[in-house]
Structure formats: structure tokens, C-alpha cells
Protein chains: 2
Amino acid sequence: MPPDAPPTCDPQTDLTADAQPDRFQRAREAQAVALLEDYVEMIGDLIAEHGEARVADIAQRMGVAHPTATKAVSRLKREGLAVSRPYRGVFLTEDGAALADRVRQRHRVVVDLLVAVGVPRETAELDAEGIEHHVSDATLHAFEGFLDAKG
Amino acid sequence: MPPDAPPTCDPQTDLTADAQPDRFQRAREAQAVALLEDYVEMIGDLIAEHGEARVADIAQRMGVAHPTATKAVSRLKREGLAVSRPYRGVFLTEDGAALADRVRQRHRVVVDLLVAVGVPRETAELDAEGIEHHVSDATLHAFEGFLDAKG
DNA sequence: TTCGAAATGTAGCCAGGGCTTTATTCCGTG
DNA sequence: CACGGAATAAAGCCCTGGCTACATTTCGAA
């Protein structure tokens with residue numbers, strides 16, 4: 001087939017095709033921060049429950065081995081989201097705590113929306129874990145509007 | 001703080017804490033297949049448009065360098081989703097084509113649902129790219145039910 | 001007070017998914 | 001029909017995020 005003008009090329013197809021690289025790059029970036037968000041939220045939870053976040057607890061809740069959690073904490077420290085001293089618990093910086101709050105709230109909205117459109121609560125919790133990281137501010141706002149209008 | 005019974009531990013908190021590792025592992029697995037799904041869908045699109053999928057086209061649409069696309073195709077071949085001969089175009093196996101169809105349909109449903117709850121179409125397209133991979137069959141079914149009920 | 005178990009940290013490995021650079025192969029054109 | 005540019009492949013690098021194995025520190029209990 002020639003490389004120039006194939007038969008099945010309508011304008012709309014071309015438009016979406018052109019826009020695709022950006023979409024995928026955006027999705028890739030979102031997934032890069034997703035793990036950081038999860039760790040920050042979880043550390044926030046642990047601090048709220050236990051007063052501090054131990055690496056062992058983080059690892060256990062994330063379902064990973066201890067060194068993996070340690071590495072993640074290192075990244076958080078590098079990003080200025082957490083602080084810790086050797087053989088001591090992990091704590092969030094102001095930025096980290098703010099991020100944790102935002103993530104937690106977004107998670108709640110996503111779950112509520114899924115439930116509102118008929119997803120069983122348990123399934124909603126499961127899927128939200130992956131979905132939430134790809135919900136933009138605009139979409140989150142729309143979700144809140146829909147939930148307000150509905151109830 | 002002692003490691004046993006901290007003050008802020010109510011039963012519900014403990015339940016969600018126990019369930020968390022599974023949730024995160026599930027989300028990690030979903031993200032592992034996400035890229036494969038994207039590539040398969042895109043190859044399906046290219047075949048529909050041009051009769052074949054060239055590595056250069058795949059790379060351009062995914063927004064990656066050519067070798068990255070080649071590697072991805074290798075993975076698809078290893079997974080039995082695609083076939084190709086050296087210096088020739090890439091084609092989907094039966095499994096690959098079926099997966100592409102499922103992915104495409106799921107993408108459409110997710111976009112429609114986002115629009116239905118008030119997300120602007122353009123934003124919906126952007127966010128759906130990341131969201132769709134974390135939408136389980138149960139959630140997808142609920143989405144379809146909601147869309148049917150709505151109109 | 002000492003000692004051993006548990007927690008933390010470190011090192012090194014693997015696979016995935018990006019990248020650039022360099023070698024091949026293909027194919028249209030002169 | 002030979003050649004040169006474009007497409008593909010191959011090789012090698014980086015970072016992330018898992019893992020295991022091993023070293024170190026802490027801390028409660030004997």
C-alpha cells in the first residue's frame with residue numbers, strides 16, 4: 001500500500017490520530033506520579049493511625065518487600081514529600097501531607113461517583129485504586145458537580 | 001509508640017488496611033498490561049486505516065522512538081498478540097484482534113460515561129486514555145447500564 | 001547488662017519501557 | 001540495474017520498581 005493517501009482516511013480519523021501522541025505521553029506521566037501518590041497517602045494513613053509510619057508497615061500495606069518500600073521512601077525524600085532518619089519512622093513534609101489530603105479526597109470522590117452510577121461499592125474501591133491517578137482536576141470537578149446534583 | 005494496640009484503630013480501619021495489599025497488587029498488574037493494550041488497539045487502528053501497521057507509524061502515534069515501538073512489538077509477539085516478519089509490517093493474531101476490539105469498545109464506553117456525568121468531551125478523551133485500563137468488567141457493565149438508563 | 005530477634009538499610013539482580021547510535025535491508029528512482 | 005534515502009533492526013545505556021541476600025542497628029527480655 002502506498003504511503004500517501006490511503007482510502008480510509010477521513011478528516012476526523014486524522015485529527016484523533018494526530019492528537020494521540022500527546023494523550024499517551026500524558027498517560028505515561030500520570031502513571032509516573034501514581035506510585036508516589038499511593039505511598040504518600042498510605043504514609044499519611046499510618047501516621048494518623050500509629051503516630052508514625054514504619055517501613056515494615058508501609059511495605060506490608062503496599063504488598064511489596066521491605067527494600068522496595070525503602071526505595072520508594074528515598075524517592076519521596078528526594079521529591080521533598082517525606083523526611084526520615086536512619087532506623088526511625090517516616091514522616092511527611094508539609095507538601096507531602098497536603099498531597100496526601102488531596103489524594104485521599106480524590107479517591108473518595110472517585111469511589112462515590114462509581115457507586116453513584118451503579119458500581120458495587122467493593123468493586124468501586126478496587127477499581128478506584130487504579131483510576132484515581134488518571135482523573136484530572138477538570139474531571140474531578142465534574143464528578144463533584146454530578147454528585148451534588150444527584151444528592 | 002508501642003507496636004501493639006494504638007488508640008486510633010477501629011475495626012473498619014483495620015479491614016481496609018488488610019485489603020490494601022491486594023488492591024495495590026491488582027492496580028500494578030493492570031498497569032502492566034495497559035501498554036500492551038494501547039499498542040494492540042493502535043495496531044488495530046492502523047491496519048483498519050492502511051491495511052498494515054508499520055513500526056514507524058506505531059512509534060509516531062504512540063509518541064515514542066522507533067526502537068521503543070519495535071521492543072513493544074516484540075513483547076506483543078511473545079504474548080501471542082501480534083505477528084511480523086523482519087522488515088515487514090505488523091499484524092494482529094486472532095487473540096490480538098479480539099483484544100483490540102475489547103479495548104476499543106471499553107474506551108468508547110468510558111468516554112461516553114465521563115461525558116454523561118458532565119466531563120467535557122475533550123477532557124474525557126484525555127483522561128479515558130489512562131482510566132480505561134483500570135475499569136474492570138463489572139464496572140464496565142455498570143457504566144453500560146447507566147448509559148442505557150440515561151438515554 | 002548482655003544478647004538475640006526484629007526492623008532497617010545496602011548491594012546487586014531482573015524486566016519493562018524509554019532513549020541514542022550504528023548496522024542492515026528495502027525499494028523507488030535516476 | 002545500481003544506488004541512495006528511508007525504514008527496520010540491533011546494540012547498549014538509563015531509570016524505575018520489583019525481588020533476594022546479607023549487613024547493621026535497635027530494643028525488649030532474660
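Just so it is clear, the values below take in all heavy atoms, side chains as well, and ignore hydrogens, waters and symmetry mates. Chain letters run A, B, ... following the sequence lines, proteins first, then strands; residues in each count from 1. As the structure is a prediction and not an experimental result, all values here were calculated from the model.
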Asker: Rounded to whole angstroms, how far apart are CG on B:Leu46 and P on D:dA7?
Answerer: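 To the nearest whole Å, that distance equals 14 Å.
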Asker: Take atom CE of A:Met62 and atom P of D:dT16, then tell me their distance rounded to the nearest Å.
Answerer: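 In whole Å, D:dT16 P and A:Met62 CE are 16 Å from each other.
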Asker: Which nucleotide wins on minimum distance to the side chain of B:Arg28, given the candidates D:dG18, C:dT8, C:dC19?
Answerer: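 It is D:dG18.
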Asker: Which is more 5' along DNA chain D, the nucleotide nearest A:Leu35 or the one nearest B:Ser84? Just name the residue.
Answerer: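 Its nearest nucleotide being more 5', the pick is B:Ser84.
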Asker: Quick one: do B:Asp45 and B:Arg61 satisfy salt bridge (charged side-chain N to carboxylate O under 4.0 Å, His left out)? Show the steps, please.
Answerer: CA-CA 11 Å; B:Asp45 288 346; B:Arg61 288 223 187 160; 5.0 Å; no
Asker: Which sits closer to the 5' end of DNA chain D, A:Ala72 or B:Val55, going by the nucleotide each is nearest to?
Answerer: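 Final value for this comparison: B:Val55.
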Asker: Please state how far atom CD in A:Gln25 lies from atom C1' in C:dC19, giving the value in whole angstrom units.
Answerer: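 Checked: the CD to C1' distance equals 13 Å.
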Asker: Taking only distance into account, with no hydrogens and no angle test, what donor-acceptor pairs under 3.5 Å do side-chain atoms of residues 28-38 of chain B form with protein atoms, sequence neighbours excluded?
Answerer:
unit_1: B:Arg28; atom_1: NH1; unit_2: A:Met62; atom_2: O; d: 3.3
unit_1: B:Arg28; atom_1: NH2; unit_2: A:Met62; atom_2: O; d: 3.4
unit_1: B:Arg28; atom_1: NH2; unit_2: A:Gly63; atom_2: O; d: 3.2
unit_1: B:Glu37; atom_1: OE1; unit_2: B:Arg106; atom_2: NH2; d: 2.7
unit_1: B:Glu37; atom_1: OE1; unit_2: B:His133; atom_2: ND1; d: 2.6
unit_1: B:Asp38; atom_1: OD1; unit_2: B:His133; atom_2: NE2; d: 2.9
unit_1: B:Asp38; atom_1: OD2; unit_2: B:His133; atom_2: NE2; d: 3.3

Asker: If the condition is side chain to side chain donor-acceptor pair (under 3.5 Å), which residues does B:Arg121 pass it with, not counting sequence neighbours?
Answerer: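 For B:Arg121, the residues satisfying side chain to side chain donor-acceptor pair (under 3.5 Å) (neighbours in sequence not counted) are B:Asp112.
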Asker: Select one nucleotide: of C:dT25, C:dT8, D:dC19, the one nearest the side-chain heavy atoms of A:Ala65.
Answerer: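 Selected nucleotide: D:dC19.
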Asker: Any pair with a residue in residues 65-108 of chain A that passes ring pair (Phe, Tyr, Trp, His ring centres under 6.0 Å), sequence neighbours left out, goes on the list, sorted by first then second residue, please.
Answerer: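 Listed by first then second residue: nothing to list.
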Asker: Taking atom P of D:dA9 as reference, at what distance in whole Å does atom NZ of B:Lys77 sit?
Answerer: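 Going from B:Lys77 (NZ) to D:dA9 (P), I get 7 Å.
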Asker: Provide, to the nearest angstrom, the distance between the CZ atom belonging to A:Phe91 and the P atom belonging to C:dT8.
Answerer: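 To the nearest whole Å, that distance equals 12 Å.
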Asker: Could you state the atom-to-atom distance from CD of B:Glu29 to C1' of C:dA15 in whole Å?
Answerer: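 Roughly 15 Å, once rounded to whole Å.
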Asker: What nucleotide, of C:dA7, D:dT8, D:dC27, holds the atom closest to the side chain of A:Arg88?
Answerer: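 Comparing C:dA7, D:dT8, D:dC27 against the side chain of A:Arg88, the answer is D:dC27.
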Asker: Rounded to whole Å, how long is the line connecting atom OH of A:Tyr87 with atom P of D:dG28?
Answerer: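 Taking atom P of D:dG28 as the reference, OH of A:Tyr87 is at 17 Å.
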Asker: Starting at the 5' end of DNA chain C, which residue's closest nucleotide do you reach first, A:Arg85 or B:Gly63?
Answerer: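 By nearest-heavy-atom nucleotide position, the 5'-most residue is A:Arg85.
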Asker: Ignoring backbone atoms, establish whether B:Arg54 has a side-chain N or O less than 4.0 Å from OP1 or OP2 of D:dA7.
Answerer: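 No, B:Arg54 has no side-chain N/O under 4.0 Å of OP1/OP2 on D:dA7.
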Asker: CG of B:Leu36 versus P of C:dG18: gap in Å, rounded?
Answerer: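 That distance rounds to 11 Å.
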Asker: Does A:Asp101 have any side chain to side chain contact (heavy atoms under 4.5 Å, CB included) partners at least two apart in sequence or in another chain, and if so, which?
Answerer: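 For A:Asp101, the residues satisfying side chain to side chain contact (heavy atoms under 4.5 Å, CB included) (neighbours in sequence not counted) are A:Arg104.
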Asker: Quick test of your reading: applying side-chain hydrogen bond (donor to acceptor under 3.5 Å, both in side chains), list the pairs with at least one residue in residues 140-151 of chain A, sequence neighbours left out, ordered by first then second residue.
Answerer: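 Counting only pairs at least two positions apart or across chains, no side-chain hydrogen bond (donor to acceptor under 3.5 Å, both in side chains) contact touches residues 140-151 of chain A.
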Asker: Could you go through nucleotides 10-15 of chain D and list every protein N or O atom that sits under 3.5 Å from one of its N or O atoms, giving the distance for each pair?
Answerer:
none

Asker: Report the C-alpha distance between A:Glu79 and A:Lys77 in whole Å, list the side-chain angles of each, state the deciding distance to 0.1 Å, and finish with yes or no for salt bridge (charged side-chain N to carboxylate O under 4.0 Å, His left out).
Answerer: CA-CA 5 Å; A:Glu79 304 277 337; A:Lys77 289 166 75 172; over 6 Å; no
Asker: Remember a base hit wins even if backbone is also touched, and classify B:Ala56 as base, sugar-phosphate or nothing at under 4.0 Å, heavy atoms.
Answerer: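 The answer is sugar-phosphate, as B:Ala56 gets under 4.0 Å only of primed atoms, P, OP1 or OP2.
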